Peer 1: 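After the structure tokens below, expect a handful of questions from me.
Predicted, not measured: the structure shown is a model, and the values here were computed from it.
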Amino acid sequence: MSPVSDQSGTNGASYAAAGVDIEAGDRAVELMKEWVKKAQRPEVLGGLGGFAGLFDASALKRYERPLLASATDGVGTKVDIARRMGVYDTIGHDLVAMVMDDIVVCGAEPLFMTDYICVGKVHPERVASIVKGIAEGCVLAGCALVGGETAEHPGLLGEDDFDVAGAGTGVVEADRLLGADRIRTGDAVIAMAASGLHSNGYSLVRHVLLNQAGLALDARIEEFGRTLGEELLEPTKIYSLDCLALTRTTEVHAFSHITGGGLAANLARVIPDGLHAIVDRSTWTPAPVFDLVGRTGRVERLELEKTLNMGVGMMAIVPSESADAALATLADRGVDAWVAGEITDRGEHTTGAELVGDYAV
């Protein structure tokens, strides 16, 4: 049996012959450096290329009892839409939002983030474009991008396939930690509008719109005023700095990031035993994309609501007397928000949160 030659013509196996291009990886690192530089904080030491990102923890001395908050996440099958459209510089916004908006829920300030990009084949410009989006997202979240990893997996992923994941860290003063123990009967539930589908439920969305209905990503949808693909790739809104501004200007008891599982299930995660959150659907109208998915796939409303955010990306629970001030702060920051419900005694309710009424037309 003849020996296998690698791409250079020499005998024997090699990394390149196995499908891993180290030079392409090095090129990708060079291209991404300018974007990583834009996502910095003064506490970050060193630059891109080290084995670990460094963050000067002495900056935490200003806290009496600093609590570190951490989270990790990805963006799910939304990456398939980016791949099909050949658009790679928005998916990073989604990644930062999924990680850092989880961290801010407890009142923590985002500090730094790392990313992991897995590809079937390293296309340097494509990888750099993904990192560009991550860096831009970090700027919007107020955190630094201190490092990451790009892994090439030939044979496991197709040449155009990729996935992204990230991990982040934040800090909050112990006596300012937000959560269920602060919530009281009569508190107001404030909804903050989503920018679209965000980054959850895309397996359902892709199944209904692309597989069942056979819609093309470049098809213009009149209700959207743009193509289907552009609507599906709309980046997840990053609420981190908006939520922190809210904690500085008014009293906040808790936040809830509306991700996988839908609005009621995520809100219930921060509701204490004995209390119940009632959210009135009539206080908002979901964007047309939610109706398109439901109508096209004949998806029942409850199924939609436990899969998609239905137009609400973040919720804040505040004392009723603080609701107007909270809405004013959010309005000043350009965040569309409204009072969507209230906290009541649990009574005979078996769950921590429920949606009532019908959506506004």
Peer 1: Which heavy atom of Ala323 sits nearest to which heavy atom of Val339, and what is that distance?
Peer 2: CB-CG2, 4.1 Å
Peer 1: Can you tell me how the ring of Trp338 sits relative to the ring of Trp284, calling it parallel under 30°, perpendicular over 60° and tilted otherwise?
Peer 2: tilted
Peer 1: Is Val96 linked to Met314 within one hydrophobic cluster, defined over Ile, Leu, Val, Met, Phe, Trp and Tyr using a side-chain heavy-atom separation of less than 4.5 Å?
Peer 2: no
Peer 1: Under 6.0 Å from the CG atom of Asp324, do we count more than 12 heavy atoms belonging to anything else shown?
Peer 2: no
Peer 1: So for atom CZ, which belongs to Arg176, do other residues, nucleotides or ligands contribute more than 12 heavy atoms lying within a distance under 6.0 Å?
Peer 2: no
Peer 1: Considering residues, nucleotides and ligands other than Arg269, do more than 12 of their heavy atoms fall under 6.0 Å from its CZ?
Peer 2: no
Peer 1: Can you spot which of Lys121, Arg126, Arg83 makes a salt bridge (charged side-chain N to carboxylate O under 4.0 Å, His left out) with Asp160?
Peer 2: Arg126
Peer 1: Can you sort out the partners of Thr351 under side chain to side chain contact (heavy atoms under 4.5 Å, CB included), two or more places apart, ordered by chain and number?
Peer 2: His276
Peer 1: Check the side chains of Asp345 and Thr185 for a donor-acceptor pair under 3.5 angstrom, ignoring hydrogens and angles.
Peer 2: yes
Peer 1: Using side-chain heavy atoms (C-beta onward) and a distance below 4.5 Å, is Asp73 in contact with Thr259?
Peer 2: no
Peer 1: Examine the side chains of His253 and Glu251 and answer whether a donor and an acceptor come within less than 3.5 Å of each other.
Peer 2: yes
Peer 1: Going by side chain to side chain donor-acceptor pair (under 3.5 Å), name the residues that satisfy it together with Asp163, two or more places apart in sequence or in a different chain.
Peer 2: none
Peer 1: Search all heavy atoms of Ala69 against all heavy atoms of Cys106 and return the closest pair with its distance.
Peer 2: CB-SG, 3.9 Å
Peer 1: Supply the atom-to-atom distance Met310 CE to Leu355 CG, rounded to the nearest 0.5 angstrom.
Peer 2: 9.0 Å
Peer 1: Should side-chain heavy atoms under 4.5 Å link Ile, Leu, Val, Met, Phe, Trp and Tyr, which residues sit in the same cluster as Val172?
Peer 2: Leu67, Leu177
Peer 1: Within a radius of less than 6.0 Å around CZ of Arg65, do more than 12 heavy atoms belonging to other residues, nucleotides or ligands occur?
Peer 2: no
Peer 1: Between Tyr239 and Phe255, is the gap from one ring center to the other below 6.0 Å?
Peer 2: no
